[in-house]
Amino acid sequence: MGTEKTKRSKTKARKTAPGLLDQIADIFSTSENEKSELAGKTLKCFLCGRWPDVRISKKGRPYFVCDPCGMQVFVRGNKGIERLKKQVREES
């Protein structure tokens, strides 16, 4: 019984304490202002020419899905997000 209690408390501690990956993700996460700037905007699909909506992932990063093509594009780095914002502004 004593070991079960110890295992549970260690598990709880891991879930509540932020890990290194969580801290790194927070540094690179998209701000609320950037989310509202990109969410719902459209970007031309480079395969079929349709205009799917830009979406925001749970981690706050922009992506889009072209359903007819089955293509998903995830924009990861800060430079990429800045370029995406610029392109969305130019095409709107």
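The structure displayed is predicted, hence computed values, not measured ones.
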Original post:
Could Glu82 and Lys79 be called an ion pair, given the rule that one side-chain N must be under 4.0 Å from one carboxylate O?
Top reply: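 Not counted as a salt bridge, because no side-chain N and carboxylate O are separated by less than 4.0 Å.
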Shortest non-hydrogen contact from [X] toward [Y]:
X     : Y     : value
Pro68 : Arg50 : CB-NH1, 3.1 Å
Val88 : Thr42 : CG2-O, 4.2 Å
Pro62 : Ile56 : CA-CD1, 4.1 Å

About how many Å separate [atom2] of [Y] and [atom1] of [X], when rounded to the nearest 0.5 Å?
X     : Y     : atom1 : atom2 : answer
Leu43 : Glu90 : CG    : CD    : 11.0 Å
Arg76 : Lys59 : CZ    : NZ    : 10.0 Å
Phe46 : Cys66 : CZ    : SG    : 9.5 Å
Arg83 : Asn78 : CZ    : CG    : 11.5 Å

Subject >> Candidate pair Asp53 and Lys41, rule side-chain contact (heavy atoms from CB on, under 4.5 Å), full reasoning >> reply: CA-CA 5 Å; Asp53 293 335; Lys41 302 292 183 181; over 6 Å; no
Subject >> Qualifying residues under side chain to side chain contact (heavy atoms under 4.5 Å, CB included), relative to Val65, sequence neighbours excluded >> reply: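 Scan of Val65 (side chain to side chain contact (heavy atoms under 4.5 Å, CB included), adjacent residues dropped) gives Arg55, Tyr63, Asp67, Gln72.
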Subject >> Linked, directly or transitively: Val54 and Met71 (ILVMFWY side chains, under 4.5 Å) >> reply: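 Yes, same cluster.
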**OP:** Is it possible for you to say whether Phe74 and Trp51 belong to one hydrophobic cluster, with membership spreading through side-chain heavy-atom contacts below 4.5 Å?
**Re:**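 As far as the 4.5 Å side-chain criterion goes, Trp51 and Phe74 are not connected within one cluster.
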